[in-house]
Asker: 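Just dropping this structure here.
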Amino acid sequence: MSYKYTPAEIEPKWQAAWEEQGLYKVQEEADKPKWYAVTMLPYPSGDLHTGHWYAFTPSDAAARFRRMNGYNVLFPMGFDAFGLPAENAAIKNGVHPRPWTYANIERMRRQLRAMGAMWAWEHEAVSCDPEYYKWSQWFFRKFYDAGIAYREYSPVDWCPNCNTTLAREQVWGEDRHCERCGTPVIKKNLEQWKFRITAYADELIDALETIDWPERVKVMQTNWIGRSTGAEVVFKTEQGEPLLIFTTRPDTLWGATFMVLAPEHPLVDSITTREFRSHVEDYKSEAARMDEIARSAKDKEKTGVFTGGYATNPVNGEQIPVWIADYVMMGYGTGAIMAVPAHDERDFAFATKYGLEIRRVITGPDGATGALEAAYDSKSEGVLVNSGPFDGTAVAGAAAAVTEWLEANDLGRGAVNYRLRDWLISRQRMWGAPIPIIYCPDCGVVPVPYADLPVLLPDDAEFRPTGESPLKYHAGFRYVACPECGGPAERETDTLDTFMCSSWYQYAYISPYWKAGQPLAADDMPWDKSSGQYWLPVDQYTGGIEHATMHLLYTRFFTKALRDLGLVEFDEPMLRLFNQGMILGPDGEKMSKSRGNVINPDEFVAKYGADTVRGYLMFIGPWDMGGPWDMNAIEGVYRFLHRVWAVVVDDPQMENPTLDPDVQPDPQAVRSLERKLHQTIIKVGDDIAGFHFNTAIAGLMELNNALVKAKESTVVNSTVWNQALRSIILMLAPIFPHIAEELWHRQGNTSSVHLQRWPEADAEKARVDEVTVVVQVNGKVRDKLVVAPGAPQPELEAAALAAVQKWLDGKQVRRVIVVPDKLVNVVIG
RNA sequence: GGGUCGGUGGCGGAAUGGCAGACGCAGCGGACUUAAAAUCCGCCGAGGCAACUCAUGUGGGUUCGAAUCCCACCCGACCUACCA
């Protein structure tokens, strides 16, 4: 047995032992509180990078800490294994994505094991496994039956590089590029499958207050859903057709001076007069072309053309001109607006540019007709003028009053608009779960019967980067008999968005590959019901912020849909969420091959061991802040572990302090160590529970520094010394699982350190015996008093006044502030 | 344009109304060594011989007291954007 700290020996040894003992196997135990902890699962790209370590090892420490505090913890791992990289690798190398993916998974499993995490591998789920995706298809089928899944012909976002449609959430930035490859997306008109996530828009916003998620994510989701409340109002064209507009300010209806339609608006052609037709046509084709590049260049000046047509404002019968302009979007609201230049900056800019009428409607706070600036400023003050029956109505509350009036007079109705679009889930790619739908020339759209699931991906599809799924060229896959009439029919060849597969993986983990090999039915459950009742929902979820408006929104929607289908009884899938920050390269920039700043964790594990890499990543700074990797600072954690080792393990080869075991330890020194020990137990526990790993490690370092000193003193002959050794090993266990296990066994223990309880802190023993009270004069520190805690105020005041005599400089003492155990501030002047 | 988070020694950071800089890195000095590495001990915000003074992006404010709370501004990161 080596007396030196050799992580290369002890880490693989314990990893193997833990696996052999089944240390991390989980059972449902009714007598323990459960804790279901999930970390966002990785995509099997082939190599575990530093970002994975940064995401996974602190969440492992948190899960281990829960377990040591008496919780029955389920902490599973899996792979989000469908997706484009596998398919691109397939096209490049001429192999099927399946072997590429499974080889990567196997490699990553080995790398994950090197982290020494407590994952419950028997709960692993891999989304490209047919026994997994048969349930993804089952969910689609359930959603189809429930009317949540529907098919629609509409303009969709298309990435010409990935050759597939994208969900709105996967289109990023002002240049509208593809989330995955950065290529600007274009619009295509296609018939695609969608999920009715918009039906849950209100609940997705309102339920945010019931979950303990970072404010940042809640704000992002709220903005993404973009609820705005207002009214739809029916104007009338000269041809007598209703022209519906949406406004959030129905109280400004009397200030409307013109209307603007999106160039694609269906009424544009009938409104446009002969005289203006060629103008309008030119503008429309220009706008259509712009759409494909980027209609929203920064600071782009608003443009538009007059149609020659007019519409009637229903509230006052005024005829106002109708324009078209590309600042009005067909995809939002009704694609038509009334323009109120006096109260809307964009309308104002447009009216100014084209010489359209600007009218003032709302007064300033004083009741006099105000200037335009005042109108902008007084959005919620003042009263309405020039507003027919509403003259004199306070602006606050006017919108609601006008809406009521519109409804009473049948001119419009209250309406809510959302920015959120329905979730487009069709992908024209092969490496995904096939959408279980068959098109029959006689029966129409026929869903694949539950009992026929899964619709398997063929193993021999040919990969051609054509812009259509390779499944389309696979005759054996594509041509099938209609399940209803038996006649010739065709399968849907699009696959499911991989975000659908990852929307329910926290349920799959409960009992992976449930009912494997068995035919499914509509009334099945995709997981073991009683296990689900025990574990669900997720207590703690951790992962990156990048999924705030994608995965994190989809999985919430999914859970609400499952609830409405009767599959779960709760409303939210993850009760707590913590977003870790991003680990950066040593240069402070995002790690990337092109920058050449990529840190390979395997190298550092080989050099220092997994415990050091784990601890270092947690020591860098607050976990939610991320930060740059420091090539030198990792040494500090490595040294710390060596110092702990040296405190616990006596190397007979080395000269050890020889203290006479009969010498009585100095009681003050013993008390001092005892105090430090109990303070540390409290601090480290609080810090880990709050994900403040950096300060938890600092606390462990401080305790260890105290132990290093104590080891050279008579304190080693005390029972406190032995308690301290035992406790520090236990406290190391969540963050440094291997060295803790090794030291635990060297202390003579036979069961695993990871089965022990977190050491108990005694507040009485943590209490300080004396406190330093700062004496200030006018807020400046002039002296310090060392007193017993709880010293009475008059005593402190007297002592302080005596101490600061020479600072008083003959001036009058005006006031003395005494904060017990903290300070005395003498105010003079 | 809007939103969120942040700005503290040479560096990562600690302190969220009460001794600014815990813990660690780097640096400096010393011990050990033939020497180096490793390890151990000490110093380590700036100015000053010192008593002290100055110091948490900038400017104001609140307070006995502000890195911390409030207002305005500057800088950085991320998100979002003709949303009617």
Side-chain angles (χ1 to χ4, degrees), chain A residues 172-174 214-220 222-224 226-228 230 245-249 252 259-260 262 295-302 325-329 331-340 343-347 349-350 417-420 545-546 548-549 579 581-582 584 588 590 615-616 619-622 624-637 639-640 642-643 646 654 683 692 694-702 704-705 708 712 772-784 806 814-819 821-829:
Chain A
W172 285 11
E174 62 188 45
E215 204 49 40
R216 188 163 47 142
V217 176
K218 293 185 180 185
V219 168
M220 283 170 74
T222 304
N223 291 343
W224 186 259
R227 173 166 64 192
S228 49
I245 62 112
F246 173 75
T247 177
T248 54
R249 294 291 307 276
T252 64
M259 299 185 75
V260 186
R295 200 151 108 174
S296 58
K298 219 179 198 160
D299 303 324
K300 180 175 163 282
E301 202 172 322
K302 296 185 194 344
D326 63 6
Y327 80 90
V328 175
M329 307 285 146
Y332 183 80
T334 61
I337 61 162
M338 62 162 182
V340 187
H343 299 292
D344 183 280
E345 278 183 66
R346 283 162 313 151
D347 296 345
F350 195 81
N417 251 293
Y418 302 92
R419 220 182 68 105
L420 184 71
I545 185 77
E546 64 273 15
T549 55
N579 293 119
M582 196 190 294
L584 304 170
K590 205 169 161 171
Y616 169 62
F619 189 57
I620 288 178
D624 50 343
M625 292 299 170
W629 178 281
D630 186 327
M631 289 296 189
N632 295 316
I634 190 168
E635 288 274 359
V637 176
R639 276 178 215 152
F640 162 63
H642 270 104
R643 280 161 62 86
M654 303 288 284
K683 179 190 166 51
H692 305 302
N694 56 329
T695 49
I697 293 169
L700 291 170
M701 286 172 166
E702 278 190 59
N704 192 56
N705 290 343
V708 169
E712 288 165 13
T772 303
V773 171
V774 173
V775 181
Q776 298 181 330
V777 176
N778 284 353
K780 286 198 197 301
V781 179
R782 294 306 184 193
D783 204 352
K784 288 165 191 181
K806 71 165 185 162
R814 293 188 180 276
R815 212 176 142 186
V816 180
I817 311 276
V818 182
V819 182
D821 296 348
K822 286 260 167 80
L823 90 164
V824 180
N825 190 9
V826 179
V827 185
I828 63 171

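As the structure is a computational prediction, the values presented were derived from the model and not from experiment. Convention: sequence-line order gives letters A, B, ...; per-chain numbering from 1.
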Asker: Reckon A:R346 has a side-chain N or O less than 4.0 Å from the OP1 or OP2 of B:C83?
Answerer: yes
Asker: Using the P atom in both, what is the distance from B:C69 to B:G76, to the nearest Å?
Answerer: 23 Å
Asker: What is the distance from CG of A:N223 to P of B:A81, rounded to the nearest Å?
Answerer: 10 Å
Asker: Please state how far atom OH in A:Y327 lies from atom C1' in B:C82, giving the value in whole angstrom units.
Answerer: 9 Å
Asker: Would you mind telling me which residue lines up with the more 5' stretch of RNA chain B, A:G333 or A:V219, judged by nearest nucleotide?
Answerer: A:V219
Asker: Could you pull out all residues at least two apart from A:R782 that satisfy salt bridge (charged side-chain N to carboxylate O under 4.0 Å, His left out)?
Answerer: none
Asker: Could you tell me the separation between the CG atom of A:D783 and the P atom of B:C52, rounded to a whole number of Å?
Answerer: 10 Å
Asker: Remember a base hit wins even if backbone is also touched, and classify A:K784 as base, sugar-phosphate or nothing at under 4.0 Å, heavy atoms.
Answerer: base
Asker: Hey, what do you get for CG (A:L420) to OG1 (A:T549), rounding to the nearest 0.5 Å?
Answerer: 10.0 Å
Asker: One pair to check against side chain to side chain contact (heavy atoms under 4.5 Å, CB included): A:I337 and A:Y332. What are the steps and the verdict?
Answerer: CA-CA 10 Å; A:I337 61 162; A:Y332 183 80; over 6 Å; no
Asker: In whole Å, measure the gap between the P atoms of B:U58 and B:U8 for me.
Answerer: 10 Å
Asker: To the nearest angstrom, how far is A:Y616 atom OH from B:G13 atom C1'?
Answerer: 11 Å
Asker: So, OP1 or OP2 of B:A84: does either fall under 4.0 Å of a side-chain N or O from A:S228?
Answerer: yes
Asker: Give a yes-or-no answer on whether the side chains of A:N825 and A:R815 include a donor-acceptor pair shorter than 3.5 Å.
Answerer: no
Asker: Work out how far the C1' atom of B:U56 is from that of B:G45, and round it to whole angstrom.
Answerer: 11 Å
Asker: At what distance, to the nearest 0.5 angstrom, does CD1 of A:I245 lie from CE of A:M338?
Answerer: 5.0 Å
Asker: Measuring from A:E546:CD to A:M582:CE, what's the distance to the nearest 0.5 Å?
Answerer: 6.5 Å
Asker: For B:G1, what is the paired nucleotide under Watson-Crick or G-U wobble rules, both distances under 3.5 Å?
Answerer: B:U80
Asker: Between B:C49 and B:G42, how far is it from one P atom to the other, in whole Å?
Answerer: 27 Å
Asker: As a test of the definition: with a 90° window around 0 for syn, would you call B:G27 syn or anti?
Answerer: anti
Asker: Could you tell me how far B:G13 sits from B:C83 if I compare only their C1' atoms? Round to whole Å.
Answerer: 42 Å
Asker: Atom pairs, N/O to N/O, protein against nucleotides 62-67 of chain B, distance under 3.5 Å?
Answerer:
{"unit_1": "B:C64", "atom_1": "OP1", "unit_2": "A:R815", "atom_2": "NH1", "d": "2.9"}
{"unit_1": "B:C64", "atom_1": "O2'", "unit_2": "A:N825", "atom_2": "ND2", "d": "3.2"}
{"unit_1": "B:C64", "atom_1": "O2", "unit_2": "A:N825", "atom_2": "ND2", "d": "2.6"}

Asker: Find the partner of B:G6: check Watson-Crick (N1-N3 plus N6-O4 or O6-N4) and G-U wobble (N1-O2, O6-N3) distances, both under 3.5 Å, and reply none if neither fits.
Answerer: B:C75
Asker: About how many Å separate CG of A:N417 and OG1 of A:T247, when rounded to the nearest 0.5 Å?
Answerer: 10.5 Å
Asker: Looking for any heavy atom pair under 4.0 Å, which part of the strands does A:P628 touch: base, sugar-phosphate only, or nothing?
Answerer: nothing
Asker: What is the separation between atom CD on A:E215 and atom P on B:G6, rounded to the nearest whole Å?
Answerer: 13 Å
Asker: Write down the partner of B:C23 under the Watson-Crick or G-U wobble criteria, each distance required to be under 3.5 Å.
Answerer: B:G12
Asker: Within the 4.0 Å limit for protein heavy atoms, which parts of nucleotides 21-29 of chain B are touched? Write it as a string from 5' to 3', B for base, S for sugar-phosphate only, - for none.
Answerer: -BBSSS---
Asker: To the nearest Å, give me how far apart CE (A:M625) and C1' (B:U4) are.
Answerer: 11 Å
Asker: Distance-only, no hydrogens or angles: does the A:N778 side chain make a donor-acceptor pair with backbone N or O of A:I828 under 3.5 Å?
Answerer: yes
Asker: The side chain of A:D326 is closest to which nucleotide in this list: B:C19, B:G13, B:C82?
Answerer: B:C82
Asker: Return the value, rounded to whole Å, for the distance between atom CE of A:M582 and atom P of B:U4.
Answerer: 20 Å
Asker: In Å, rounded to the nearest 0.5 Å, how long is the span from CG of A:N223 to CZ of A:R419?
Answerer: 8.0 Å
Asker: For A:G621 and A:A336, take the nucleotide of RNA chain B holding the closest heavy atom to each; which residue's nucleotide lies nearer the 5' end?
Answerer: A:G621
Asker: Can you tell me, in whole Å, how much space there is between the P of B:C54 and that of B:A20?
Answerer: 12 Å
Asker: So what does A:T772 touch, heavy atoms closer than 4.0 Å: a base, only the sugar-phosphate, or nothing?
Answerer: base
Asker: When the distance from CZ of A:R249 to P of B:C83 is rounded to whole Å, what number comes out?
Answerer: 15 Å
Asker: Using the C1' atoms only, state how far B:U68 lies from B:C41, rounded to an integer number of Å.
Answerer: 37 Å
Asker: What's the spacing between A:Q776 CD and A:I817 CD1 if we round to 0.5 Å?
Answerer: 10.0 Å
Asker: Report yes if at least one side-chain N or O of A:R216 is closer than 4.0 Å to OP1 or OP2 of B:A77; otherwise report no.
Answerer: no
Asker: Counting only Watson-Crick or G-U wobble pairs whose two distances fall under 3.5 Å, which nucleotide matches B:A51?
Answerer: none
Asker: Using the C1' atom as the point on both nucleotides, what is the distance between B:A31 and B:A37, in whole Å?
Answerer: 15 Å
Asker: Looking only at atom types and distance, does a side-chain atom of A:Y616 sit under 3.5 Å from a main-chain N or O of A:D630, one as donor and one as acceptor?
Answerer: yes
Asker: Evaluate side chain to side chain contact (heavy atoms under 4.5 Å, CB included) for A:I620 paired with A:M625, printing each intermediate quantity in order.
Answerer: CA-CA 10 Å; A:I620 288 178; A:M625 292 299 170; over 6 Å; no
